[in-house]
Amino acid sequence: MGAVAHPLPPRTLPALRRALLTWFRAHRRTLPWREAPSLYKTVVSEFMLQQTQVKTVLPYFARWQERFPDFAALAAAPENEVVKQWEGLGYYSRARNLHKLARAVAAMPAPPRTAAAWQELPGIGPYTAAAIASIACGDRVACVDGNVARVLARLSADTTAFASGSDLVKHFRPLAAAVLEAEHPGEWNEAMMELGALVCTPRAPTCIVCPLREHCATAEPEAASAIPRLERPKTERLHVVRLWCVRDGRLLLHRAAAGSRRLAALHELPAAADLGLDDATVQRGELLLRRSRSITRYRIEESIHRAPTDIAARVGAEKQNSAAGAALHWVSLAELESITLSGPHRRWVRELLAHP
Ligand code: SF4
């Protein structure tokens, strides 16, 4: 591990806190959840921003507020509509957890006020609980996500090597609690995250304009870029072969079982295995599209083939339900927009229908 920790000198903390809050008040981005803020807006934005960039979230947040303006409206909505509104944002368990959370909050006499109480609710981990409770309720608790951990690692020139992002975050919780500006905990947490997003960025941090430069034990872009030291897991390559089968104005799709962790009840173009076929059988059909994407540590290459004539004649003749509840469905082309497809599959289907 080779940890070399340099805790921040306590006597410098008041000046460090003043410098960051002053910078934040002058430079913070105007974001819809910061204008006329509310507990509900904070909760929705925190769920949407997990693993997702601000610019991607903005249009989703606006549509969400229009359709589900508060906890009661979200709690009353059917799950399929909630997931449909989330279509394209990925990590769909967030939508389901947010829905469950809204139902739990709507059933309470009043929403919780502390991070400890928020953490008891569905889908809420330590980071989200601290963000919601500090920003919306003034609870004196520090948030630590990847951005904050990176800033703290550089401020303290901590060269510890971490096996995972969660180890990194855990390591910096005590330091985050020590530097917290307790009079304005929500604003402080937002300021730390904003600094990590705008100035102390993963690559090429702009130390020259950083408000914390004189308090920072690193303070130099090249040295800072090497901190924190995170051992990245090896990328694993996968190849998925999918079938494009249109018959009588209907497209054959596969819907993941309701209990599936990643894609529950979402539709996708069927993979060879979903049809009980091997890849080579599907690959006999014309290659229509080849796309690559990354999900966590996987680099996935997907190839979509027109169903070979003999396969097209016999697959999915009837709705086929597997024991796990997953199913093959023929979906009318006219109804495709009303069902929920995972984001990449929505793009591929549109692309293939535009150039049949
Ligand atoms: Fe990050 Fe550089 Fe600011 Fe230090 S001076 S906190 S390394 S941007």
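The figures here come from the full heavy-atom set of this structure, side chains too, leaving out hydrogens, waters and symmetry mates. Both counts, for ligands and for their atoms, begin at 1 and track the order of listing.
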Residues at least two apart in sequence or cross-chain that pass ring-ring contact (aromatic ring centres under 6.0 Å, His included) with Y60, listed by chain then number, are none
Quick note, salt bridge (Lys or Arg N to Asp or Glu O under 4.0 Å) partners involving residues 177-197, not counting sequence neighbours, are R25-E187, R29-E194, R34-E190, R34-E194, R140-E183
Residue pairs meeting salt bridge (Lys or Arg N to Asp or Glu O under 4.0 Å), one or both in residues 196-224, sequence neighbours left out, come to none
- Just checking, any donor-acceptor pair under 3.5 angstrom between side chains of R94 and N97? no
One checks atom 2 (Fe) of ligand 1 and counts protein N, O or S atoms under 2.8 Å, reaching 1
So for atom CD1, which belongs to I208, do other residues, nucleotides or ligands contribute more than 12 heavy atoms lying within a distance under 6.0 Å?
no
Strictly by modelled atom types, are E46 and Y127 linked by a side-chain donor-acceptor pair under 3.5 Å?
yes
